[in-house]
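Reviewing the structure listed below.
Below, chains carry the letters A, B, ... as their sequence lines are ordered, and counting in each starts from 1. Side-chain atoms are counted along with the backbone in the values below, which use heavy atoms only and exclude waters and symmetry mates.
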Protein chains: 2
Amino acid sequence: MIREACPTLAPQRREHIRLLVRESGVARVEDLRRELKVSVATIRRDLEVLEEEGKVRRVHGGAVSTENRLDEAVFDDKTNQFSKQKRAIAEEAYQLIGQEESLFLDGGSTTLCLARLLKNRNDLTVVTNSLRAAAELANSEPRVILTGGELRKISQTMVGPLTSAVLSQVRVDRAFMGTMGFCLKNGLTTTDPNEAFVKGLVAEQAVQVVLLADSSKAEKVSFARVSDWDKVDILVSDQNLPPIFTKSLPKRGLKVCVV
Amino acid sequence: MIREACPTLAPQRREHIRLLVRESGVARVEDLRRELKVSVATIRRDLEVLEEEGKVRRVHGGAVSTENRLDEAVFDDKTNQFSKQKRAIAEEAYQLIGQEESLFLDGGSTTLCLARLLKNRNDLTVVTNSLRAAAELANSEPRVILTGGELRKISQTMVGPLTSAVLSQVRVDRAFMGTMGFCLKNGLTTTDPNEAFVKGLVAEQAVQVVLLADSSKAEKVSFARVSDWDKVDILVSDQNLPPIFTKSLPKRGLKVCVV
DNA sequence: TTGTTTTTGATCGTTTTTGATGGAATTGCA
DNA sequence: TGCAATTCCATCAAAAACGATCAAAAACAA
């Protein structure tokens with residue numbers, strides 16, 4: 001028998017190879033053959049295509065990764081670390097959204113979870129300075145507007161004067177924001193001043209500001225001041241949120257949702 | 001019997017297919033046939049329609065989801081068909097770039113190839129309205145500035161007044177641009193007026209404008225006027241470029257590179 | 001009803017993909 | 001360096017998938 005029915009589509013198989021190569025940095029043809037149950041000829045042809053696309057670089061015996069694995073791993077780790085809580089928080093936040101609204105999403109893994117939930121909503125306009133959120137929504141229903149600006153690689157967000165210029169031209173019904181830390185005294189803080197400035201600007205202009213922050217951020221203080229509590233309308237967090245917040249914040253006019 | 005009563009309406013069946021494809025990311029024609037109890041011919045016709053609508057992307061043996069996967073460098077079959085040429089054009093264009101320059105990259109597969117070549121250059125500033133180019137450079141060396149604006153899903157580029165506003169604030173040494181079509185009489189044309197406007201704006205402001213266009217674009221005229229030849233400084237194309245261009249354009253002050 | 005259009009399924013020649021084979025190239029080791 | 005083992009590449013044949021085409025059935029209009 002020369003050939004049996006192909007169980008997987010070629011692009012799917014190639015994607016599999018790409019992931020395997022990226023995961024361990026290298027992959028041997030022979031290992032890929034065993035893993036994917038196809039002939040070495042097919043593996044080689046796939047590697048050829050992937051090299052053409054710039055996804056891997058071929059070497060004698062296999063292929064090595066061309067993608068910068070480290071950066072992505074850092075971000076993905078962060079995405080997974082508290083993913084249960086974060087997803088729950090994102091789902092709660094999603095409930096706040098009405099019809100035909102315009103939203104802002106900033107960078108961060110929780111807002112990225114929220115972005116995923118918006119994919120099938122064709123009535124929304126989503127403004128974001130997060131490249132990841134934009135990528136997530138790039139082929140889905142909502143209207144997407146990017147703020148532009150200089151790309152801050154570590155957070156994959158756009159910041160700086162160009163970002164501010166665009167933000168001054170738009171207004172959103174609801175802004176969903178993350179933060180690196182929050183406490184009663186200092187309000188919201190984050191590591192990067194540029195990032196903080198953008199968040200502050202959005203907080204000024206949004207009709208409603210929703211802070212998405214799991215309890216691990218509580219009582220943390222970071223370098224750059226984002227805004228005080230009076231700019232925030234709703235805090236969505238998890239059950240481990242220290243009671244002091246659920247007590248104090250409502251007195252200051254905030255609504256606190258714990259999931 | 002040639003045909004039995006159609007149990008489901010065609011749009012309903014296509015929606016079913018769309019959901020199946022989106023759910024698992026891929027679907028084989030054979031599986032869809034079993035699932036939907038129609039002939040493979042019908043499945044293929046449905047996939048053709050869905051591809052036309054941008055809902056799925058057809059591949060040999062079935063279809064894959066178009067959602068997610070920004071890093072999939074494949075817009076359509078054209079990308080693969082001319083990829084050798086496009087990469088050669090991009091490599092030629094890369095030679096034009098000096099030290100410490102600021103560049104603009106617009107949307108399109110050839111400029112995306114070029115973006116890939118810039119990954120290890122830490123002396124460059126890259127301005128782009130292409131989400132794909134930005135994603136490609138998101139974890140690499142060059143400084144990246146996104147223009148912002150409304151995301152045009154079909155081309156994955158940012159366009160509109162917000163884009164214009166940001167572009168008016170920056171100046172680049174070299175702009176690399178693609179086009180849907182070019183001819184001596186009408187200059188550069190593309191399908192979307194918004195896209196054309198952005199390109200035109202960039203052409204005005206860049207010190208040097210480099211047009212990256214393989215020969216398949218020659219003598220094609222599209223709907224929206226981008227700019228006339230006098231805005232373009234260099235055309236990089238392939239050997240199949242009709243001789244009329246290599247003759248006429250230098251007389252109009254352009255340099256023509258054929259790879 | 002009758003005639004027309006649309007949709008579906010079958011057929012057939014063509015294209016694409018895959019696996020095997022044999023010779024060339026590369027690597028590792030003495 | 002020389003030699004053996006492995007890996008690569010070009011080529012070919014089989015199988016699967018594809019596209020074009022046509023005919024039957026259904027839906028539709030008059």
Side-chain angles (χ1 to χ4, degrees), chain A residues 1-18 20-21 24-66, chain B residues 1-18 20-21 24-53 55-66 72-84 87 216:
Chain A
M1 175 181 17
I2 295 286
R3 183 197 172 195
E4 65 181 77
C6 81
T8 62
L9 267 36
Q12 190 180 14
R13 189 185 54 233
R14 287 196 269 265
E15 178 66 10
H16 194 167
I17 292 175
R18 189 180 74 85
L20 286 171
V21 170
S24 67
V26 299
R28 288 152 36 78
V29 171
E30 189 55 27
D31 298 340
L32 291 171
R33 183 195 62 76
R34 256 199 306 277
E35 177 74 20
L36 299 169
K37 312 251 196 285
V38 293
S39 73
V40 288
T42 301
I43 297 292
R44 293 211 175 87
R45 275 187 280 251
D46 284 342
L47 292 178
E48 203 171 354
V49 172
L50 287 168
E51 178 165 57
E52 181 80 16
E53 293 174 354
K55 308 281 182 61
V56 307
R57 202 178 77 238
R58 292 193 65 186
V59 294
H60 193 90
V64 298
S65 174
T66 57
Chain B
M1 173 181 22
I2 293 290
R3 185 197 171 196
E4 64 182 76
C6 80
T8 62
L9 270 37
Q12 191 180 355
R13 188 185 55 234
R14 291 195 198 109
E15 178 65 12
H16 194 166
I17 292 175
R18 188 179 76 86
L20 285 171
V21 170
S24 69
V26 299
R28 283 151 28 86
V29 169
E30 190 56 27
D31 296 340
L32 291 171
R33 183 194 62 74
R34 258 199 305 277
E35 176 74 21
L36 299 169
K37 312 257 197 282
V38 292
S39 72
V40 288
T42 301
I43 296 292
R44 281 195 241 282
R45 275 187 282 253
D46 285 342
L47 291 179
E48 203 169 355
V49 172
L50 288 168
E51 177 165 58
E52 190 74 23
E53 295 172 353
K55 308 283 182 59
V56 307
R57 186 166 67 83
R58 291 193 66 187
V59 296
H60 192 92
V64 299
S65 172
T66 55
E72 220 172 277
V74 207
F75 312 139
D76 47 60
D77 1 30
K78 270 190 182 173
T79 309
N80 286 333
Q81 195 177 346
F82 297 103
S83 70
K84 280 261 170 55
R87 201 163 63 174
S216 71

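A salt bridge is defined here as a Lys NZ or Arg NE, NH1 or NH2 lying under 4.0 Å from an Asp or Glu carboxylate O, and A:Glu53 with A:Lys55 meets this definition. Remark: A:Glu15 engages A:Arg18 in a salt bridge, criterion side-chain N to carboxylate O under 4.0 Å. Between B:Glu30 and B:Arg33 there is a salt bridge, with a side-chain nitrogen of the basic residue lying less than 4.0 Å from a carboxylate oxygen of the acidic one.
Remark: C1' of C:dG19 and CD1 of A:Ile43 are 12 Å apart, rounded to the nearest angstrom. If you measure from atom CZ of B:Arg58 to atom P of C:dT15, you get 17 Å, rounded to the nearest angstrom. Separating the CG atom of A:Leu9 from the C1' atom of C:dT16 is a distance of 13 Å, rounded to the nearest angstrom. Separating the NE2 atom of A:His60 from the P atom of C:dT26 is a distance of 9 Å, rounded to the nearest angstrom.
Here the side chain of A:Ala41 is nearest to one of D:dG19, D:dC8, C:dG19, namely C:dG19.
Look at B:Arg45 and you won't find any side-chain N or O under 4.0 angstrom from OP1 or OP2 of D:dT21. Note on A:Thr42: every side-chain N or O is 4.0 Å or more away from OP1 and OP2 of C:dT18. OP1 or OP2 of C:dT18 has at least one side-chain nitrogen or oxygen of A:Arg13 nearer than 4.0 Å.
Test B:Leu32, B:Val49, B:Val56 against B:Ile17 for side-chain contact (heavy atoms from CB on, under 4.5 Å) and you get one pass: B:Leu32.
Scanning for side chain to side chain contact (heavy atoms under 4.5 Å, CB included) contacts around A:Val59 gives A:Val64, with sequence neighbours left out.
Annotation: proximity of residues 26-39 of chain A to DNA chain D (heavy atom, distance under 4.0 Å) is found for A:Arg28, A:Val29, numbered in ascending order.
Mapped onto DNA chain D by nearest heavy atom, B:Gly62 and A:Arg44 fall at different nucleotides, with A:Arg44 at the one closer to the 5' end. Comparing B:Val40 and A:Arg14 along DNA chain C, the residue whose closest nucleotide (by nearest heavy atom) sits nearer the 5' end is B:Val40.
Residues B:Arg34 and B:Asp31 form a side-chain contact, since some pair of their non-hydrogen atoms from C-beta on lies under 4.5 Å apart.
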